[in-house]
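Because only heavy atoms are used, hydrogens play no part in the values below, and waters and symmetry mates are left out as well, while side chains stay in. Sequence lines set the chain letters: A, B, ... in the order given, protein chains first and strands last, and positions in each chain run from 1.
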There are 2 protein chains.
Amino acid sequence: MSEEPKVRNISDLARIAGVSAGTVSRALADSGLVNEKTRAMIKALAREHDFRPNIMARNLRIQKTGAIGVVIPLGHDTGQHISDPFFITMLGLLADALTERGYDLMLSRVIPTDEDWLDRFTDSGRVDGIIVIGQSDQAAALDKVAMRYRPLVVWGGHQKGQVHCSVGSDNVAGGDLATTHLIERGCRRIAFFGDPTARELKQRLAGCRAALSRAGLGDDPRVCPVHLAAGIDDASISQFLADEQQRPDGIVAASDVIAMTTLRALSEMGIAVPADIKVIGYDNLPIAEHTVPRLSTVKQDLTTGANNLVELLMRRIAGEDTGSVVMPPELVVRTST
Amino acid sequence: MSEEPKVRNISDLARIAGVSAGTVSRALADSGLVNEKTRAMIKALAREHDFRPNIMARNLRIQKTGAIGVVIPLGHDTGQHISDPFFITMLGLLADALTERGYDLMLSRVIPTDEDWLDRFTDSGRVDGIIVIGQSDQAAALDKVAMRYRPLVVWGGHQKGQVHCSVGSDNVAGGDLATTHLIERGCRRIAFFGDPTARELKQRLAGCRAALSRAGLGDDPRVCPVHLAAGIDDASISQFLADEQQRPDGIVAASDVIAMTTLRALSEMGIAVPADIKVIGYDNLPIAEHTVPRLSTVKQDLTTGANNLVELLMRRIAGEDTGSVVMPPELVVRTST
DNA sequence: GGCAAAATTACAATCGATTGCAATTTTGCC
DNA sequence: GGCAAAATTGCAATCGATTGTAATTTTGCC
């Protein structure tokens with residue numbers, strides 16, 4: 001067949017247009033250097049041949065990638081998937097914020113098995129910067145990378161002396177807020193649901209302790225180290241609550257997912273919320289509004305958080321050393337307390 | 001300071017090693033052509049200088065990108081975010097499946113405002129192939145792209161005569177299964193919750209109609225076009241169910257999210273599930289197991305689906321024309337029916 | 001020691017776009 | 001018409017890695 005060969009690159013289009021490749025490049029990039037008539041002719045030909053310049057070649061030349069790596073370290077549980085609605089909500093918000101700034105989002109889920117799990121992203125030349133969602137138990141590794149790689153921002157708790165730039169709510173204040181609310185609603189025997197191995201949850205527990213201590217209720221609440229992932233720890237929750245003598249009258253759940261798991265387990269045990277036990281969560285995810293009863297929670301504004309992550313990263317890519325952002329939590333009272 | 005300059009590329013490392021750039025490239029790539037002693041020396045130097053080859057330059061030369069585009073068309077609602085837990089569960093599964101095959105995942109959320117919304121991905125040279133999650137109302141546009149771009153696979157409903165390769169459950173069978181189940185549980189006045197503009201939901205409604213017709217219950221159920229996104233249509237659900245004379249005794253919810261929204265609305269109206277109205281969903285997401293009561297649903301195996309998407313895409317990247325995959329739905333009976 | 005084969009390494013073209021600077025063309029003024 | 005300035009376009013180096021082929025070195029045998 002006499003079908004003309006496909007235009008594969010700028011040189012091909014230049015040949016058809018009767019100009020040089022440089023002129024084609026400038027025409028397609030709307031450079032002021034190319035005559036308007038020539039520019040329109042070249043653009044029409046590009047459209048006619050369904051031609052778009054190769055982004056990788058361009059990025060190699062301009063030494064930018066146009067992509068941001070979003071890395072989710074998922075702890076050491078290799079079977080775990082990105083199912084936590086928190087991660088996912090954050091991911092969606094980041095996708096939108098990055099698209100608005102003309103960046104592509106390169107998603108990677110990693111299992112931090114060795115100390116340099118982040119290096120293959122920082123040193124690959126594949127992304128212009130990296131956003132890590134969640135510190136897991138890797139704060140030290142993140143500090144190490146941050147010492148030599150500036151365009152890195154982490155969603156997570158801030159701690160004095162940390163090197164890496166982070167965005168997150170004031171977890172201590174949030175834990176305090178949640179606990180104070182339960183105390184104000186009459187609770188005297190408060191438990192904490194969540195695994196404090198992760199920095200954020202550890203900080204929320206610290207806030208819980210502070211509020212209890214202030215109220216003269218001791219400073220050592222019982223802790224049920226419920227897994228962050230949905231639907232895993234039902235049995236351990238049931239076991240924790242089986243002993244009616246030891247049963248708490250209020251539960252600070254370290255995340256909305258843990259709260260939802262808890263609500264379901266309580267429902268199945270025939271324990272009424274909030275009459276018998278009051279439950280409060282953390283995050284204020286859209287999904288949490290669906291619980292029965294509707295969940296009281298500590299809101300961290302994820303939209304603002306995502307925008308802060310992207311804003312700080314852009315500034316760090318530009319060469320600035322930014323400080324961390326710690327956002328104030330807000331109490332959202334619904335019917336589970 | 002007398003700090004030696006950073007090794008920025010293979011030429012820099014070659015100079016330090018006293019060999020050519022080609023030898024360094026081959027040594028780092030474990031090519032059999034390089035002497036073992038030389039190879040070890042070069043690798044040690046690379047480690048010592050924290051050097052990793054630039055992936056973009058390599059990809060330009062080998063004419064592969066090492067990335068797969070995952071595109072989520074979100075309908076025409078520009079304010080919508082990637083919050084649907086279905087999308088997100090699928091995203092996590094895809095991230096894992098692609099990582100296992102050595103690919104990076106480039107995430108893009110797009111609003112299909114014009115007819116060639118997908119072209120900027122297909123023609124950019126940025127990705128080796130594309131997975132689209134959800135057809136929205138864009139089946140025709142997807143067919144158009146599929147005619148000229150082979151490495152494209154879509155999560156969604158299959159339809160005779162379609163050009164694009166798709167993976168999804170048999171939505172007609174799934175809608176039939178859900179409706180038959182409600183009929184077997186005694187329902188006689190069944191409604192469909194979901195907006196049939198999207199092909200998948202339209203097919204689920206068709207299955208619902210078929211089951212009703214077979215049971216002699218007419219073939220035109222009332223449809224409440226509930227939005228797929230969480231928490232939006234509470235008011236319209238309440239209004240739909242306000243008239244006790246018209247109230248259905250069974251609801252086929254076109255997705256688990258719609259089902260969750262429905263369960264919450266019913267709870268607030270004081271309507272008992274399943275005693276007064278039976279509710280069944282679609283998808284079998286992990287989150288849906290948290291509802292009170294636990295949701296009966298039609299399961300489409302997302303893990304298998306994600307693996308199928310990636311498997312078909314790999315084959316199409318390799319040049320093969322694959323057919324679509326239509327997976328059988330399964331009924332999962334819990335306590336909402 | 002000489003020679004052929006094998007092993008090792010070097011050279012430089014290539015991928016495809018960008019862009020500084022040079023060459024050419026066009027324009028406007030005298 | 002000639003000339004200088006401005007506008008337009010072309011040339012080719014560049015980004016950084018890969019790799020086919022050539023050059024060089026090493027090895028083993030006679």
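Side-chain atoms of B:Arg58 and base atoms of D:dT18 include no donor and acceptor less than 3.5 Å apart. Counting distance only, with no hydrogens placed and no angle test, the side-chain atoms of A:Arg26 and the base atoms of C:dG20 include a donor-acceptor pair under 3.5 Å.
Taking the side chain of B:Leu60 as heavy atoms from C-beta on, and the options D:dA17, C:dC15, D:dT9, the nearest nucleotide is C:dC15. Listed candidates were D:dT19, D:dG10, C:dA10. Nearest to the side chain of A:Val19 is D:dG10. Nearest to the side chain of A:Gln63, among D:dA17, C:dA17, D:dG16, sits D:dG16. Comparing D:dT19, D:dG10, C:dT19 against the side chain of A:Ser25 picks out C:dT19 as the nearest. Distance from the side chain of A:Ala57 is smallest for C:dG16 among the nucleotides C:dG16, D:dG20, D:dG16. In the set C:dT19, D:dT9, D:dT18, the nucleotide with an atom closest to the side chain of A:Thr23 is D:dT9. Listed nucleotides: C:dC11, D:dA17, C:dA17. Nearest to the side chain of A:Asn9: C:dA17.
Of all nucleotides present, only D:dG1 satisfies the Watson-Crick or G-U wobble test against C:dC30, with each distance under 3.5 Å. Both distances falling under 3.5 Å, in either a Watson-Crick or a G-U wobble arrangement, place C:dA13 opposite D:dT18.
Atom CZ in B:Arg15 sits about 13 Å away from atom C1' in D:dG16, given to the nearest Å.
Side-chain nitrogen and oxygen atoms of B:Asn35 include none within less than 4.0 Å of the OP1 or OP2 phosphate oxygen of C:dA7.
The pair A:Asp96-A:Arg101 does not count as a salt bridge, with every side-chain nitrogen at least 4.0 angstrom from each carboxylate oxygen.
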